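Everything below concerns the one structure shown next.
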Protein chains: 2
Amino acid sequence: MIQKLSEHDREKLQESLATTGQKVTPQREIVFAVLLAKRDHPTVEDVFQRARESMPGLSLATVYNCLETFVGCGLVRQVNHERESTRYCPNLAPHAHFRDEATGRVHDIELPPEILQNLRSILPPGFNSETIEISFHGRSQDHAPRPSSN
Amino acid sequence: MIQKLSEHDREKLQESLATTGQKVTPQREIVFAVLLAKRDHPTVEDVFQRARESMPGLSLATVYNCLETFVGCGLVRQVNHERESTRYCPNLAPHAHFRDEATGRVHDIELPPEILQNLRSILPPGFNSETIEISFHGRSQDHAPRPSSN
DNA sequence: TTGCACTTTGGAATCATTCCAACTCATTCG
DNA sequence: CGAATGAGTTGGAATGATTCCAAAGTGCAA
Ligand SMILES: [Mn+2]
Ligand SMILES: [Mn+2]
Ligand SMILES: [Zn+2]
Ligand SMILES: [Zn+2]
């Protein structure tokens with residue numbers, strides 16, 4: 001069962017939504033709480049399952065809507081790996097993703113700013129990039145689910 | 001109309017396929033030739049259209065099969081951007097991709113080995129990556145096909 | 001010749017995602 | 001007050017890229 005949003009997180013939600021003229025709703029609160037509760041890059045279906053425990057009437061369409069809304073107002077990032085279902089990540093710090101092909105799990109990899117700068121520098125003149133996506137694919141040892149922060 | 005494979009490219013095709021116990025077929029020759037002819041990261045549908053000009057009976061299923069085969073034996077790379085159709089790239093040198101959101105075009109960005117090494121170095125111990133995918137997303141100036149130059 | 005492995009093909013099936021029209025609910029307006 | 005408005009939610013239908021499948025085709029080897 002998902003814990004309610006902290007006052008702080010609810011404010012972040014409220015403010016981010018406000019930037020695009022949108023409102024806090026019970027569905028959005030729960031979907032956001034689900035993302036914060038377990039930062040394992042859940043798919044829409046994962047989010048749906050987890051959220052329904054707190055709100056049985058919630059519809060899949062609404063989960064799609066909420067997540068799209070959050071991406072639109074910059075609250076979460078979309079994470080794509082090859083042709084798999086889209087995953088969602090509430091970690092707003094610049095980071096790369098590592099997809100473990102043995103377990104299917106996706107891990108955040110911290111991305112030092114100077115590496116990011118290096119990368120930008122390889123673009124020829126005339127190329128202006130808004131976003132850079134970096135994803136590793138391979139195997140990792142020993143990554144049982146860790147207790148999550150917050 | 002697609003030009004036939006050079007002797008050199010046909011050999012590369014033949015040898016790569018052989019590594020996985022597979023054969024050169026007329027369909028595979030044409031699909032490979034299409035990829036080499038215009039390195040614009042075509043989708044399956046693009047490849048299908050172009051290949052059919054030389055082989056009207058070719059089926060879409062076969063194009064999927066050929067491309068999957070090529071990826072399997074390392075002849076081409078798959079290129080994914082967000083949720084769009086998969087694109088294919090015969091450039092085997094390590095490189096990143098830049099997706100121009102204005103035109104939809106995908107450009108190769110050369111990737112210096114030392115940058116690649118930098119990137120690998122940010123992985124914590126225990127993470128072993130087979131592949132790294134880097135994609136930029138933004139706008140680029142001046143990449144319209146020049147009316148004058150071919 | 002026959003058998004076998006590999007291929008190709010058209011059409012059906014899958015499945016994540018998007019679309020749509022009806023409905024709820026809160027706010028604004030007359 | 002009611003009615004109109006508008007955002008948000010919902011279930012189900014539609015979409016569309018990709019995969020699956022079963023029936024043929026092809027070329028080589030026993
Ligand atoms: Mn792999
Ligand atoms: Mn963009
Ligand atoms: Zn992440
Ligand atoms: Zn490329």
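It should be emphasised that the depicted structure is a prediction, and the values quoted were computed from it without experimental measurement. Chain identifiers are assigned alphabetically (A, B, ...) following the order of the sequence lines, protein sequences preceding nucleic acid strands; residue numbering begins at 1 within each chain.
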### Message
Quick check on A:E114: does its CD atom have over 12 non-hydrogen neighbours (other residues, nucleotides or ligands) under 6.0 Å away?
### Response
yes

### Task
Taking only the side-chain nitrogens and oxygens of B:T25, find out if one of them lies under 4.0 Å from OP1 or OP2 of D:dT26.
no

### Message
Rounded to whole Å, please give me the gap between NZ in B:K23 and C1' in D:dG27.
### Response
6 Å

### Message
At less than 4.0 Å, is any side-chain N or O atom of A:T86 found next to OP1 or OP2 of C:dA16? Yes or no.
### Response
no

### Summary
note: A:F48, atom CZ; D:dT9, atom C1'; distance rounded to Å ~ 13 Å

### Query
Do A:S85 and A:V44 touch side chain to side chain, with heavy atoms closer than 4.5 Å?
no

### Task
Using modelled atom types only, decide if a donor and an acceptor are shared between the side chain of A:R99 and the backbone of A:R105 within a distance under 3.5 Å.
no

#### Entry: B:L67 CG to C:dT8 C1', straight-line distance once rounded to whole Å
14 Å

## Note on the structure
A:Q27 CD to D:dG11 P, in whole Å, measures 11 Å

### Message
Nearest whole Å is fine: how far is D:dT9 P from A:I30 CD1?
### Response
11 Å

### Query
Out of C:dT17, D:dG8, D:dT18, which has the shortest distance to the side chain of A:L60?
C:dT17

### Summary
Checking C:dG10, D:dT9, D:dA17 against the side chain of A:N65 (C-beta onward), the nearest is D:dT9

### Message
Using whole Å, what does the distance between atom P of nucleotide D:dA14 and atom OH of A:Y64 come to?
### Response
18 Å

#### Entry: Nucleotide C:dA16, atom C1' - distance to CD of A:Q78 in whole Å
12 Å

### Message
Need one value for B:Q22: base, sugar-phosphate or nothing, where a base atom within 4.0 Å counts as base even if backbone is also close, heavy atoms only.
### Response
sugar-phosphate

### Query
So, are B:R50 and B:D40 salt-bridged, with charged N and O less than 4.0 Å apart?
yes

### Query
Which part of the nucleic acid, if any, lies within contact of B:G57, taking any heavy atom under 4.0 Å across all strands shown: a base, the sugar-phosphate backbone alone, or nothing?
sugar-phosphate

### Per A:S59 side chain, nearest of listed nucleotides D:dT18, D:dG11, C:dT17
D:dG11

### Between C:dC6 (P) and B:E68 (CD): distance, integer Å
15 Å

### Message
As a test of reading the structure: which of D:dT10, C:dT7, C:dA16 is closest to the side chain of B:R83, going by heavy atoms?
### Response
C:dA16

### Query
Phosphate oxygens OP1/OP2 of D:dG16: is one of them under 4.0 Å from a side-chain N or O of B:S85?
no

### Message
Ring centres under 6.0 Å, that's the criterion: do A:H137 and A:H81 meet it?
### Response
no

### Task
Output the single nucleotide from C:dC19, D:dT9, D:dA17 whose closest atom is nearest the side chain of A:A61.
C:dC19

